[in-house]
Asks: 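Sending over a structure as structure tokens; questions will come in a sec.
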4 protein chains.
Amino acid sequence: MPTASSSPSADTPAKRMRRKESRPSELLAAALDLFVEKGFAATRVEEVAQRAGVSKGTLFLYFPSKDELFKAVVRQTLAGRFHEWSDEVDSFTGSSAELLHYGMHSWWERVGNTQASGMTKLMLSEAQNFPEMAAFYQAEVVQPYHSLVQRILQRGVDRGEFAAVDLELATYAVTAPLIFLAMWKHSVGTHPCTASVLDPLRYLDAQVQILLNGLRVRPAPA
Amino acid sequence: MPTASSSPSADTPAKRMRRKESRPSELLAAALDLFVEKGFAATRVEEVAQRAGVSKGTLFLYFPSKDELFKAVVRQTLAGRFHEWSDEVDSFTGSSAELLHYGMHSWWERVGNTQASGMTKLMLSEAQNFPEMAAFYQAEVVQPYHSLVQRILQRGVDRGEFAAVDLELATYAVTAPLIFLAMWKHSVGTHPCTASVLDPLRYLDAQVQILLNGLRVRPAPA
Amino acid sequence: MPTASSSPSADTPAKRMRRKESRPSELLAAALDLFVEKGFAATRVEEVAQRAGVSKGTLFLYFPSKDELFKAVVRQTLAGRFHEWSDEVDSFTGSSAELLHYGMHSWWERVGNTQASGMTKLMLSEAQNFPEMAAFYQAEVVQPYHSLVQRILQRGVDRGEFAAVDLELATYAVTAPLIFLAMWKHSVGTHPCTASVLDPLRYLDAQVQILLNGLRVRPAPA
Amino acid sequence: MPTASSSPSADTPAKRMRRKESRPSELLAAALDLFVEKGFAATRVEEVAQRAGVSKGTLFLYFPSKDELFKAVVRQTLAGRFHEWSDEVDSFTGSSAELLHYGMHSWWERVGNTQASGMTKLMLSEAQNFPEMAAFYQAEVVQPYHSLVQRILQRGVDRGEFAAVDLELATYAVTAPLIFLAMWKHSVGTHPCTASVLDPLRYLDAQVQILLNGLRVRPAPA
DNA sequence: CATGAATGAGGCTTCATTCAT
DNA sequence: CATGAATGAAGCCTCATTCAT
């Protein structure tokens, strides 16, 4: 340890360099928080930069505009998680009722109860102003999600566990409570006075039960 | 009365028409459209005025600020319709299953399938930025709605038609598809490519069925 | 009194007609009050109209613009009073010291302690923005005033009552306390906390005494 | 160090010069000029910015609003100079008559004959519209000034140089010519035709003489 | 690369002025 | 003549974006 060259002395660019790689993701995380919290228009880029610990100008080194920052947030938050979930469905060994229950609770744990669900709200709210983004969201998020749910339902039908209902409608039936929870969490759910009224987990359990009743679930044939 | 030639018919290009009586509602209608379409922040007051056929300054003769215009839209669109609906519930003579079906389809006809549902989306999206407005919405819209649904469900329970489920959760179960439809209609539903995928009426029917199954509806005791 | 034709029945234009003549002066009075109270820019024409009991449009029937209204106020308030005062000086029979005392107290009673002094303040404040008006004020008010004061002083000198001072400077010495009182009355003097600190009449008395001392007043030679 | 060629000399037309340090004072100077010249309401912030050589937005980096800019001008121009003046009074060794003469001429050199006297005019003119500002001005400018003048007069009385007059009134007698000069300089005094009529220094000399006569000045007792 | 001072288009709001009734 | 609803230019202020350092 001859010289303490690694210590961040006054002008050492070490600190900057060290974090250069992570700057975009830090900015995206800050932007996600603020967009979800305040909406797109009400969020100022300077706030995003501050929360990410950089200056306003730096943000524009990584994202050419506020619009592009928004698109990047959507892409990062929602892309590339369906592959993993699809594998889980494929390798699931329990009953389809259990799979449906597992899937919906998984969604809550991994999406609904995280900032990611804020993006759902954000897309639904601001999609109109970003047609390009809406198309992207439709193709990269809505469609994969839809397929995934349909595969779960089809599995139940194929195995004789679910009645042969209209899969399209049933998919929406699954989706509605998730949308509802996402919206609830990020709107009225943020007010303390109303926050304790709805227990999301109990609500999800009840929804699964209703859905299964609606699907006239039967035990897997022996 | 062959031709009402003296009436200032619709297409009259006359400027400076004096119609103080109808201005507020025209402005509110224009504002509703644009707020729903583009969100609060992205809507410019000049656009609202233009769509209402007046100049920017005229808007401020009737609403002291953009915020107040927004509040007025909320009031006009959502408040004060629950009294009528409450009466309908009181005087309903059919089964509670029919009442639930009727209520949800009524909502679709009178709210969901109109611009009014856009305000639901808007409130959920922008409420954070208007704490005062959020409180108003909670008190004047959410609470009355909640009470109304609970009364329907309680009626079924009291008459032995519905199982004695958790009314709070059941209310959310009723609400979720409505929220879903409202969000769907005003986001992805506006794109032609996706518009035909979901038939709201069939979806509602299916939801009612699922709910009734979930509530283990039984025929009214003979 | 055969028929009560003079009673102001519903649509009788009598009331309007009766006051048509006085409209301009009512508007000028209202404008004077408000201009003095709030300044030119901060006074809205609608306020002036309201205080005069007419509508905004009516004001523009009598004055083509807010600027012209201001000019009219200046003209009306300050024109044609010097002739009367000049006569008073001519016919004054007492000593010149008494004349100076009388003149300054007269000014307070007729100008300083009325809204007219507000115009002094107003001209001093806003003259820059109305070069034309400033010239008018200079010619129609300042010059006549100046002449009047100089005649009083000259009278004292001619009669051996005042020392033969620089009349120009002496005129300003007379003027300063009047300007001071006018400004004081319409600025800090309006606040209750400071209003009672200065008694204008005592202040004027003291000023006259100082002036007379300064002019080394001597009794008129026997 | 023959030539400082690298320094950004005065005439550099470069835009986006970064001079955070000097911006506030440049803006304050520009604002002072314009406020004095045109009044508060008639001065547009963009004018102030232009005169300071910056853009509209830059002004708002340093002052959060036009009102605050005005307050800052008042603070910088008038407050915080009384301490220095108070010291001068304490350490003055001449007669009280000389002190009075010195004080009034000092005022002319340091305030009356500078833009600072424009703020006096401005406060008197616009104070009504800024109650908060008026209170600040009263506390930070009027009161200290008043105390200072009274101390000068009291010194003369204590030393037997001045008659024991009403100090309150005497203070106003001292103040009136200063107010008069300030108003005169910034209203009619700006017009060339009238500018040469009054020589402020001679006027002040005459006023001092009148005051001293009025105070029945006597030589300091031997 | 990073900074943050500077920019200026654009939004909300006011209000003098117009004009159909 | 009188009204007051309507207009639109103009002002204050914000903030996404740029760029000299």
Side-chain angles (χ1 to χ4, degrees), chain A residues 13 15-17 19-20 23 41-50 53-69, chain B residues 8 14-21 23 41-49 53-69, chain C residues 13 15-17 19-20 23 41-50 53-69, chain D residues 8 14-21 23 41-49 53-69:
Chain A
K15 196 187 271 179
R16 285 182 181 172
M17 301 303 281
R19 300 179 50 167
K20 192 163 53 174
R23 279 282 154 72
T43 297
R44 277 168 290 155
V45 292
E46 190 158 22
E47 285 180 277
V48 176
Q50 271 180 7
V54 299
S55 74
K56 192 166 34 168
T58 302
L59 187 150
F60 285 93
L61 294 177
Y62 294 99
F63 305 96
S65 73
K66 190 185 180 187
D67 281 21
E68 290 300 326
L69 173 64
Chain B
K15 293 176 183 178
R16 294 178 153 267
M17 237 180 309
R18 295 161 66 96
R19 295 186 296 165
K20 188 182 185 182
E21 305 305 310
R23 287 278 182 255
T43 297
R44 277 163 288 146
V45 291
E46 193 158 19
E47 284 180 277
V48 175
V54 299
S55 73
K56 193 172 28 172
T58 301
L59 188 150
F60 287 95
L61 294 178
Y62 297 97
F63 302 97
S65 71
K66 191 185 180 187
D67 281 21
E68 289 299 325
L69 174 63
Chain C
K15 197 186 271 179
R16 283 182 182 171
M17 300 302 282
R19 302 180 49 168
K20 191 163 52 175
R23 281 280 154 72
T43 297
R44 276 167 292 154
V45 292
E46 189 159 23
E47 284 180 278
V48 176
Q50 270 181 7
V54 300
S55 73
K56 193 167 34 168
T58 301
L59 187 150
F60 285 93
L61 294 177
Y62 295 99
F63 304 96
S65 73
K66 190 185 180 186
D67 281 20
E68 290 300 325
L69 173 63
Chain D
K15 293 177 181 178
R16 295 177 153 267
M17 236 179 312
R18 295 161 68 96
R19 295 187 296 166
K20 189 181 185 182
E21 305 306 310
R23 285 279 181 256
T43 297
R44 276 161 289 147
V45 292
E46 193 160 18
E47 284 180 276
V48 176
V54 299
S55 74
K56 190 174 31 171
T58 300
L59 187 150
F60 288 96
L61 293 178
Y62 296 97
F63 303 96
S65 71
K66 191 185 179 185
D67 281 20
E68 289 299 326
L69 173 64

Asks: So which nucleotide from F/dA16, E/dA5, E/dC1 ends up closest to the side chain of D/L61?
Replies: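 For the D/L61 side chain, the nearest candidate turns out to be E/dA5.
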
Asks: Quick check: on DNA chain E, is the nucleotide nearest B/E46 upstream (toward 5') of the one nearest A/S55, or the reverse? Name the residue that is more 5'.
Replies: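 The residue closer to the strand's 5' end, by nearest nucleotide, is A/S55.
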
Asks: Counting distance only, does the side-chain N/O of D/K66 pair as donor-acceptor with the main-chain N or O of D/R44 below 3.5 Å?
Replies: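 No.
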
Asks: Provide, to the nearest angstrom, the distance between the CG atom belonging to C/L59 and the P atom belonging to E/dC19.
Replies: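 C/L59 atom CG is separated from E/dC19 atom P by 17 Å.
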
Asks: If you assign C/K56 and D/V54 each to the DNA chain E nucleotide with the nearest heavy atom, which residue ends up on the more 5' nucleotide?
Replies: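 Between the two, 5'-proximity favours D/V54.
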
Asks: Which of the following nucleotides, F/dC13, E/dA6, F/dA6, is nearest to the side chain of B/R23?
Replies: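 Ranking F/dC13, E/dA6, F/dA6 by closest atom to the B/R23 side chain puts F/dA6 first.
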
Asks: Closer to the 5' end of DNA chain F via nearest nucleotide, is it D/T43 or B/G53?
Replies: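 The residue mapped nearer the 5' terminus is B/G53.
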
Asks: Strictly below 4.0 Å: does D/T58 bring a side-chain N or O up to OP1 or OP2 of E/dA5?
Replies: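 Checking D/T58 against E/dA5: no side-chain N or O falls below 4.0 Å of OP1 or OP2.
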
Asks: Heavy atoms only, 4.0 Å cut-off, all strands: where does D/V45 land among base, sugar-phosphate and nothing?
Replies: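 It contacts sugar-phosphate atoms only.
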
Asks: Taking the nucleotide of DNA chain F with the nearest heavy atom to each, does C/G57 or D/S65 sit closer to the 5' end?
Replies: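 Its nucleotide being nearer the 5' end, the pick is C/G57.
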
Asks: Look at C/Y62 and F/dA2 and indicate whether a side-chain polar atom (N or O) is within less than 4.0 Å of OP1 or OP2.
Replies: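 The answer is yes; a side-chain N or O of C/Y62 sits under 4.0 Å from OP1 or OP2.
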
Asks: Among F/dA16, F/dA6, E/dG11, find the nucleotide with the atom closest to the side chain of B/R44.
Replies: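 Among F/dA16, F/dA6, E/dG11, the one nearest the side chain of B/R44 is E/dG11.
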
Asks: For DNA chain E, write out the stems as range with range, using runs of 3 or more consecutive Watson-Crick or G-U pairs with both distances under 3.5 Å.
Replies: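 Result, WC/G-U stems under 3.5 Å: E:2-21 with F:2-21.
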
Asks: In whole Å, what is the span from the CZ atom of B/F60 to the P atom of F/dA10?
Replies: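 For the pair B/F60 CZ and F/dA10 P, the rounded distance is 18 Å.
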
Asks: Taking distance alone, no hydrogens or angles, what donor-acceptor pairs closer than 3.5 Å link side-chain atoms of residues 53-64 of chain D to residues at least two apart or in another chain?
Replies:
unit_1: D/S55; atom_1: OG; unit_2: D/T58; atom_2: OG1; d: 3.3

Asks: Could you tell me the separation between the CD atom of D/E47 and the P atom of F/dA10, rounded to a whole number of Å?
Replies: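 So the CD-P distance, D/E47 to F/dA10, works out to 13 Å.
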
Asks: Could you state the atom-to-atom distance from NZ of D/K66 to P of F/dT14 in whole Å?
Replies: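 Checked: the NZ to P distance equals 15 Å.
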
